[in-house]
Amino acid sequence: MRHTKVKDLLNSTKTLQEVTAKGWVRTFRNNQFIALNDGSTIHNIQCVVDFENTPEATLKRITTGAAIAVTGELVESQGAGQKYEIQVKKLEILGDSDAEKFPMQPKKHSLEFLRENAHLRVRTNAFGAIMRVRSVLSFAVHQYFQQKGFVYVNTPIITGSDAEGAGEMFQVSALPFDNTPRTEDGKIDFKQDFFGKQTNLTVSGQLEAETYAMALGQVYTFGPTFRAENSNTSRHLAEFWMIEPEVAFNDLADNMDLAEDFIKYVIKYAVDNCADDLKFLEGRLLDEEKSKPQAERSEMALLEKLNFVLENNFKRVSYTEAIDILKDSTPNKKKKFQYLIEEWGADLQSEHERFLVEKHFKSPVILFDYPAKIKAFYMRLNDNTEPGKETVRAMDILFPGIGEIVGGSQREERLDVLIEKMKVLGIEEEELWWYLDTRRFGTAVHSGFGLGFERLVLFVTGMGNIRDVIPFPRTPQNAEF
Ligand code: 4AD
Ligand code: MG
């Protein structure tokens with residue numbers, strides 16, 4: 001008999017004579033009540049075993065983690081907590097699970113322990129919920145852009161360019177580690193490498209996406225990106241997924257409008273389509289926060305926080321205004337910041353971003369017009385800026401509890417200005433000849449941004465560590481699984 005998903009059984013509108021469910025045992029109580037989960041929903045279905053007519057040997061094999069199939073009648077449940085349950089007529093053990101050895105015991109495990117068992121943690125309520133929300137969010141990303149007529153572009157994973165110019169790249173090579181071919185002056189001879197040149201894993205698909213925007217108008221990427229930055233924080237991964245829209249003829253204000261509309265759309269989509277999972281995650285967060293001192297607890301519960309973002313405009317604040325606010329702030333005056341803000345031009349650290357968002361504005365913030373010196377080479381230089389105080393049309397979106405969730409800009413569309421900038425930064429023209437062609441042939445104002453997908457999932461699920469919102473996190477010293 002075909003089996004029915006637990007979600008559909010629980011949502012049934014009537015009792016059913018005979019149904020089959022397949023899944024994994026979460027708990028087995030009183031030799032009678034199985035809580036069965038198949039991943040289709042956070043909820044388990046209760047399966048009531050007729051223990052008097054079930055062989056003792058079979059009952060013993062109904063253990064946490066075992067895969068089973070049950071067939072029986074779907075009846076209204078007498079017990080609290082569920083509308084329907086299955087009165088089991090036939091039970092088959094599909095795969096045993098040694099209760100002594102199965103790591104996912106029906107009790108609270110630390111997140112650290114669960115990370116070490118990332119292949120099994122998805123069998124817990126929390127990780128099942130997180131991964132379903134993640135999946136729904138990625139669908140919403142595509143839905144949003146597709147509805148608006150954007151073209152989905154797959155930019156290369158292996159590339160020769162450093163899009164961010166930050167040099168935090170994983171090298172890709174097929175050369176042997178020992179006995180590496182060398183040129184006469186002793187350098188590694190990449191001409192003999194697979195691609196005949198030095199290559200790396202992409203840090204961003206932006207530059208390639210720009211070339212496509214200059215033909216298709218509106219494009220977006222959604223793919224893995226890699227950064228070899230040694231940041232062992234709760235916000236950084238070495239491998240993360242980024243969404244990068246790029247739009248011809250959009251200026252910075254259009255770019256902000258697009259980013260805000262997009263973020264609100266995907267959050268709303270999750271709120272509308274993941275109600276049970278988000279309710280569970282809200283409870284999890286409340287529970288976790290009970291162990292924190294009052295001052296560190298969030299002011300809003302998870303769903304309230306999500307709705308707050310949906311209902312309020314993001315505050316748009318220039319870098320210069322932000323610096324003035326930070327200079328005058330209590331933590332700056334009392335030297336509570338690790339990096340004190342002394343003058344215009346300072347790069348903002350996450351402590352500053354979080355102060356602005358969580359303490360000062362108490363709302364998502366879009367910071368724009370940053371000093372040119374602290375931003376990437378491709379950003380549009382503002383007209384009429386004072387020498388020494390040049391700014392670029394950059395924007396970062398900062399979120400409560402997360403910090404930077406989006407980084408983007410209007411792009412420098414003027415060939416001469418772009419080349420000059422690259423010269424100053426020591427970026428070889430020959431390396432980016434193809435990128436410069438977009439400015440040579442039919443250049444136009446255009447803008448785009450990158451949203452770190454895991455940071456979005458962090459925000460929506462209320463989790464505190466980015467390692468817990470991607471199935472198999474890649475971080476310094478960790479590439480297990
Ligand atoms: O600010 P970033 O570095 O911008 C770019 O890569 C641009 N090329 C985007 C564009 O304009 N098309 O990265 C964009 C976003 C950040 O705001 C952050 O959300 C996320 O990517 N991000 C990371 N997420 C997880 N782990 C890391 N190590 C991340 N680095 C950046
Ligand atoms: Mg950034």
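First listed ligand is number 1; within each ligand, the first listed atom is number 1.
Atoms of ligand 1 lying under 4.0 Å from any heavy atom of Glu229, numbered from 1 in the order shown and given with element: 27 (C), 28 (N), 30 (N). Short contacts between ligand 1 and Arg235, defined as distances under 4.0 Å to a heavy atom of the residue, involve ligand atoms 25 (C), 26 (N). Less than 4.0 angstrom separates some heavy atom of Val406 from each of these atoms of ligand 1: 17 (O). If you number the atoms of ligand 1 from 1 as listed, the ones under 4.0 Å from a heavy atom of Gly408 come out as 11 (O). Applying the 4.0 Å criterion to heavy atoms of Tyr378 picks out, from ligand 1, the atoms 7 (C), 8 (N). Per-residue contacts place Gly407 under 4.0 angstrom from the following atoms of ligand 1 (heavy atoms of the residue considered): 1 (O), 9 (C), 10 (C), 11 (O), 17 (O). Every atom of ligand 1 with a heavy atom of Arg411 under 4.0 Å away is listed here by number and element: 10 (C), 11 (O), 12 (N).
Not a single N or O atom of Glu246, backbone or side chain, sits closer than 3.5 Å to an N or O atom of ligand 1. For the pair Ile405 and ligand 1, the shortest N or O to N or O distance falls below 3.5 Å. Polar contact check, Ile466 against ligand 1: no nitrogen or oxygen pair lies under 3.5 Å apart. Considering backbone and side-chain atoms alike, Ser204 places an N or O below 3.5 Å from some N or O of ligand 1.
Nearest protein neighbour of atom 17 (O) of ligand 1, counting heavy atoms only, is Glu404 OE2, 2.6 Å. Remark: minimum distance from atom 20 (C) of ligand 1 to any protein heavy atom is reached at Gly452 CA, 3.6 Å. Summary of contacts: the protein heavy atom closest to atom 26 (N) of ligand 1 is Leu237 N, 2.9 Å. Nearest to atom 9 (C) of ligand 1 among the protein's heavy atoms is Glu244 OE2, 3.2 Å. Considering only non-hydrogen protein atoms, atom 14 (C) of ligand 1 sits nearest to Met242 SD, 3.4 Å. At the top of the distance list for atom 3 (O) of ligand 1, counting protein heavy atoms only, stands Arg227 NH1, 2.8 Å. Remark: minimum distance from atom 15 (C) of ligand 1 to any protein heavy atom is reached at Gly450 O, 3.6 Å. Nearest protein heavy-atom neighbour of atom 4 (O) of ligand 1: Glu164 OE1, 3.9 Å.
For Asp277 and Arg132, the salt-bridge test passes: some basic side-chain N is under 4.0 Å from an acidic carboxylate O. One finds a salt bridge joining Lys362 and Glu299 here, because a Lys/Arg side-chain nitrogen approaches an Asp/Glu carboxylate oxygen to under 4.0 Å. Of the charged side-chain nitrogens involved, at least one lies within less than 4.0 Å of a carboxylate oxygen, so that Asp468 and Arg121 count as a salt-bridged pair.
Residues Phe399 and Phe314 place their aromatic rings such that the two centres sit under 6.0 Å apart. A centroid separation of less than 6.0 Å is found between the aromatic rings of Tyr152 and Tyr220. In summary, the aromatic rings of His119 and Phe472 are positioned with their centroids too far apart to meet the 6.0 Å limit. Ring-centre distance between His352 and Tyr339: not below the 6.0 Å cut-off.
Counted by atom type alone, Asp162 and Asn200 present zero donor-acceptor pairs between their side chains at under 3.5 Å. Checked by atom type, the side-chain pair Asn44/Asn37 shows a donor-acceptor distance below 3.5 Å. Using modelled atom types and a 3.5 Å distance limit, the side chains of Gln171 and Thr199 yield no donor-acceptor pair.
More than 12 heavy atoms of other residues, nucleotides or ligands shown are found within 6.0 angstrom of CZ on Phe145. Within a 6.0 Å radius of CG in Asn179, no more than 12 heavy atoms belonging to other residues, nucleotides or ligands are found.
If you look at Glu210 next to ligand 1, there are no close heavy atoms at all, none under 4.0 Å. Under 4.0 Å from ligand 1, the heavy atoms of Phe449 that appear belong solely to its backbone. The proximity of His236 to ligand 1, defined as any non-hydrogen pair under 4.0 Å, involves the side chain as well as the backbone.
Although no hydrogens or angles enter the test, the distance criterion places a donor-acceptor pair under 3.5 Å between the side chain of Thr443 and the main chain of Glu413.
The two residues Lys290 and Arg297 have their closest heavy-atom pair at O-NH2, 3.4 Å.
Take the N/O/S atoms of Glu404: the one nearest the Mg ion (ligand 2) is OE2.
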